[in-house]
Amino acid sequence: MDFLGVISNHYNAFLVGAAMTAMVSAVCIAAGMILGLWLSFGLISRNRTIRRASAAYRSFWRGTPILVQLLIVFYLLPAIGLDVPPIAAAIIALTMNTAAFQAEIFRGGLLSIPSGQVEAARMLGIGLLAIRVRILIPQMMRLVLPALVNETISILKNSSLISVIAVTELMRTSQQVVSVTYRPLETYLIAAAIYLAMNLVLARAGAWFEKRHAAVAAY
């Protein structure tokens, strides 16, 4: 096996591909968090229409393969007159997917917070938005941090699928290297090692944040 030859001749391509993977994943997780928070409150809303609409969104994006979702978004946008680059279609699809999963994570965290806190805040005249931003969301984020890290890792791995719509991230870069070197085993093992390294960094960062929040709560 010629690992060193593949790395030495194409290390820059691997770095660019890995950077694209990290960028797309970070944007999708951040945007999905905003949408997921909004959706999580919809899932526990007392308004039946909002609750059902939120549940329908969650069911579709959690219940269909992410590859199908990518292809639907990629071909749907031009069909409705929106000419966007493939990377934008990829970010939209992954964001909408992770938003559904994050919404369910956030919903579980919100339901674990004693309802008496909300009732007490209302009695003090605190508005609904302030209750959510200053009371519910900070507590919920501490509770769901491990699950949120797992979802981040999942999105990073699933980002390899965006190569099918011609986004040059790590997986597509690997395919291009294979077409030049004719060394598929070495190339894909290198790509796997890069994915593993990024996921280990995320896992360690998540563990660090979890310990820090635990220390702050204990203090």
To the nearest 0.5 Å, what is the distance between [atom1] on [X] and [atom2] on [Y]?
X    : Y    : atom1 : atom2 : result
I105 : F101 : CD1   : CZ    : 9.0 Å
F106 : M140 : CZ    : CE    : 5.0 Å
I72  : M96  : CD1   : CE    : 10.5 Å
L110 : R132 : CG    : CZ    : 9.0 Å
E151 : N158 : CD    : CG    : 8.0 Å
R142 : I137 : CZ    : CD1   : 12.5 Å

Any side-chain heavy-atom pair of [X] and [Y] under 4.5 Å:
X    : Y    : value
S112 : L143 : yes
T173 : M20  : no
L70  : F74  : no
H10  : T181 : yes
Y188 : V178 : yes
F209 : V149 : no
V6   : F14  : yes
F41  : I50  : no

Could you pull out the closest heavy-atom pair between [X] and [Y], with the gap in Å?
X    : Y    : value
S25  : L156 : OG-CA, 3.4 Å
M141 : M33  : CE-SD, 4.1 Å
Q175 : S163 : NE2-OG, 4.1 Å
I155 : C28  : CG2-CB, 4.5 Å
S54  : L39  : CB-CD1, 3.5 Å
Q117 : I113 : OE1-CG2, 3.9 Å

Do [X] and [Y] belong together in a cluster built from hydrophobic side chains that touch within less than 4.5 Å?
X    : Y    : result
I66  : I87  : yes
L35  : I91  : no
V164 : L76  : no
L124 : L136 : yes
I165 : I92  : no

Checking side-chain contact (heavy atoms from CB on, under 4.5 Å) between L94 and each of I162, V73, I29, L161, which is the one that passes? I162
Main-chain N/O of [Y] paired with [X] side-chain donor or acceptor, under 3.5 Å:
X    : Y    : answer
Q69  : W61  : yes
S174 : L170 : yes
N97  : A93  : no
T187 : R183 : yes
S179 : Q176 : yes

Is it true that, when you exclude [X] itself, more than 12 heavy atoms of the residues, nucleotides or ligands shown sit nearer than 6.0 Å to its [atom1]?
X   : atom1 : answer
F60 : CZ    : yes
R52 : CZ    : no
N47 : CG    : yes

Go through the structure and list residues passing salt bridge (Lys or Arg N to Asp or Glu O under 4.0 Å) with E104, not counting sequence neighbours. R58, R107
All N/O donor-acceptor pairs, side-chain side in residues 194-202, below 3.5 Å, sequence neighbours left out:
unit_1 : atom_1 : unit_2 : atom_2 : d
Y195   : OH     : E169   : OE1    : 3.3
N199   : ND2    : Y195   : O      : 3.2

Trace of the side chain to side chain contact (heavy atoms under 4.5 Å, CB included) decision for R62 with Y57: CA-CA 8 Å; R62 294 182 71 206; Y57 178 98; over 6 Å; no
